[in-house]
There are 2 protein chains.
Amino acid sequence: MNIPTIKDVAKAANVSVATVSRVLHNLSGYSNKTKLKVLQAVEELGYHPNAIARGLINKRTQTIGVLFPDVSSGFSSDILHGIEEVAHEKGFSVIVCNTAEEGKRTMKYLQVLREKQVDGVVFTSEVLKDEYYQALKEMGIPVVLVNTQSHKYMIPYVKVDDRQAAYQATAYLIQNGHREIAMISGTLGDTVAGTRVEGYRQVLEDHDIQFLESRVAYGDFRWESGRKAMELLLADAPPFTALFAASDEMAIGAMGAVFAKGMRIPDDLSIIGYDDLTLAKITFPPLTTVHQPLAQMGRLASDKLIALIENSQDVSSTIVSHHIVERQTVRSKG
Amino acid sequence: MNIPTIKDVAKAANVSVATVSRVLHNLSGYSNKTKLKVLQAVEELGYHPNAIARGLINKRTQTIGVLFPDVSSGFSSDILHGIEEVAHEKGFSVIVCNTAEEGKRTMKYLQVLREKQVDGVVFTSEVLKDEYYQALKEMGIPVVLVNTQSHKYMIPYVKVDDRQAAYQATAYLIQNGHREIAMISGTLGDTVAGTRVEGYRQVLEDHDIQFLESRVAYGDFRWESGRKAMELLLADAPPFTALFAASDEMAIGAMGAVFAKGMRIPDDLSIIGYDDLTLAKITFPPLTTVHQPLAQMGRLASDKLIALIENSQDVSSTIVSHHIVERQTVRSKG
DNA sequence: GATATTTACGTAAACGTTTACGTAAAATAA
DNA sequence: TTATTTTACGTAAACGTTTACGTAAATATC
């Protein structure tokens, strides 16, 4: 018993495949009577269209590819959730790819996506290397960037203004009376990480506070690196009363290091994070942090990508708004 | 300038498409000279095979579908990571679906997956309703369950032994001298949740400790429900010195409620969780919990599914091993 | 009632592959 | 040398759709 095709339906309904296709697509060109016959045949045979055959002829697969450095991170999975949500609403499926930040894997994935004829690609949280760009360009399909951007190439992106967000996060600490402020940055050399320390440095200058290289430590955005960086800072840096961590994970790692020293948060040290992962509100005390609307960013990216796929000419980018969510890790000093 | 097809390559290399296909697949039936000609033409034209056309004829798409109740949870995303990893290794792509635990959405996804002709499906963390099973069965493709199982239908699954794990988690508390032990269970009515309270109940009996209905509260596995359940327990339940939470998220929610009361963990109250999410090790104090090898479960599921797709007859299930990871939320009562 | 238009279809090509089958030339065997 | 096998291809059908084009019948127009 083979899977019924449109031909079987046509035969059963005593019409041509063209007619079946027409009624299935609600086009015109058939009487109500034949429509009923066809629909009944579909029902009886349990016919389901084959999207592969359809894709072959339409040159559209209704599928997009999404690349993450680490799908399992709280950060990525929120974005994925958003992307998937609107993709599904709009009739697209999403293929996930985990690049593990490896160039080779990434290129492999791009090749697979090309062969699978995806209609578009979302690329997230990593710098878009030249070779990626070339591959993507050859594929001739729209791309949107999330949480990253390319200065070299003109590609629409969705992200927050990192510099400004970092500026405001640090400013928030200053407003709360802190003047000795350390920072744990993301990977040294990474562009977004870089932008964040610029923001941090800028506020300090604007408030006539001296920027001390010795008060900034570098992690890789992940929890463990935050803990280590904090241990370093606690041991070696000039004393400080507050910390800005460039990711929530690192902030929480830092909190662990602080607690381990028997210090209290925010009594002995204030901390502000960055991201507002689900994590942030469930730690104790709940983490004050700058909120990035991750799921929303995913939704916007999906939206934009699909518009592009459907021939929109609008290649604009969007800077989504961030804001500080005040929880309980920052203490106001008198 | 259109995308080159196998025909273009054939023309450029002055051979037939059949020959091109043969060299591309490393079959036999061509001289070394023509092989070189073909490869060169491929190179020059920048030809890339079209997996859609291939899928149409092979009736294989090298794609699997994966259904999650919530892709963005730390739980799901670890499983996804594992699934994706081996799928990619074995030449399969994965389409993610977020059911949001809604029957209608789930059915919609199953239909999409059917139309897209996926070769297999992984279904995770939800009970497999009859209608899902029927749809899956009609599709005629292999399915594997993760973190759930069906008593009604014969479908391979990958999960831990929940009852035993719950038994051991509670036993661990008893071994540490606790006898007044509360529990926060997952959704009342859910099978896995049910199994876990059975395990809990069983140890108590085996140690001649009276099981008190009033010492078990019900959440939905998520953080907030854990906090609420703990507040309830703290207010209404007979006093207890330890808690077994059926998920790490709930355990952490409970910790928040405890801290909010000014109590200390583990000094005033011991807590053991369940899952060992990334979360667990980064809270303070780090959470003692029962480890489920989530990524590994994903890998195993992927492995099994692909074997099934490739005609393995082995429909066995696997119970993966769990173990308690001792961190700092359980105090030994002298 | 003749002509023009619209409706309701059917036919067949096309999408880009894979592969069964056929065949001429080359290699081997007798 | 001739007969046989093997090699190296080419031809064409098939996968399941969509859609341009054609056409007979029905309907509308005058």
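A, B, ... follow the sequence lines: proteins, then strands. Residue 1 opens every chain. The shown structure was predicted, so the numbers you read here are calculated from the model rather than taken from an experiment.
- Taking 4.0 Å as the cutoff to heavy atoms of chain B, we find the contact window on DNA chain D bounded by dA8(D) to dG16(D).
- For the pair E310(B) and R60(B), the salt-bridge criterion is met [side-chain N within less than 4.0 Å of a carboxylate O].
- Looking at residues 31-51 of chain A, you'll see Y47(A), H48(A), P49(A), N50(A) sit with a heavy atom under 4.0 Å from some atom of DNA chain D.
- Side-chain contact check for Q111(B) and R114(B): no donor-acceptor pair (N or O, by modelled atom type) lies under 3.5 Å.
- The residue K7(A) sits close to a base: some heavy atom pair falls under 4.0 Å.
- S21(B) contributes atom OG, which lies 8.0 Å from atom CZ of R54(B) (distance to the nearest 0.5 angstrom).
- Counted by atom type alone, D130(A) and Y153(A) present one or more donor-acceptor pairs between their side chains at under 3.5 Å.
- Inspection of the Q149(B) and S317(B) side chains reveals no N or O donor paired with an N or O acceptor under 3.5 Å.
- Residue N50(A) holds its CG atom at 9.0 Å from CD of E115(B), rounded to the nearest 0.5 Å.
- Residues forming a side chain to side chain contact (heavy atoms under 4.5 Å, CB included) with T61(B) (at least two apart in sequence, or on another chain): I52(A), T63(B), Q117(B), D119(B).
- Bending across the helix from dG1(C)-dC30(D) to dA30(C)-dT1(D), expressed as the angle between its end axes from five pairs apiece, amounts to 40° (10° rounding).
- The number of heavy-atom neighbours closer than 6.0 Å to CZ of R105(B), taken from other residues, nucleotides and ligands shown, is above 12.
- Residues that satisfy the ring pair (Phe, Tyr, Trp, His ring centres under 6.0 Å) test with F123(A), not counting sequence neighbours, are Y132(A).
- Between A53(B) and L27(B), it is A53(B) whose nearest contact on DNA chain C lies nearer the 5' terminus.
- There is no side-chain donor-acceptor pair under 3.5 Å between S312(A) and D314(A).
- Of the N and O atoms on the side chains of K304(A) and T318(A), not one donor lies less than 3.5 Å from an acceptor on the other residue.
- With DNA chain D read from its 5' end, the first of the two nearest nucleotides for G29(B) and H25(A) is the one closest to G29(B).
- One finds the CG atom of D70(B) at 11.5 Å from the CZ atom of F75(B) (value rounded to the nearest 0.5 Å).
- Atom CD of residue E126(A) and atom CG of residue L67(A) lie 8.0 Å apart, to the nearest 0.5 angstrom.
- Near DNA chain D, defined here as any heavy-atom distance below 4.0 Å, the residues from residues 12-23 of chain A are A18(A), S21(A), listed numerically.
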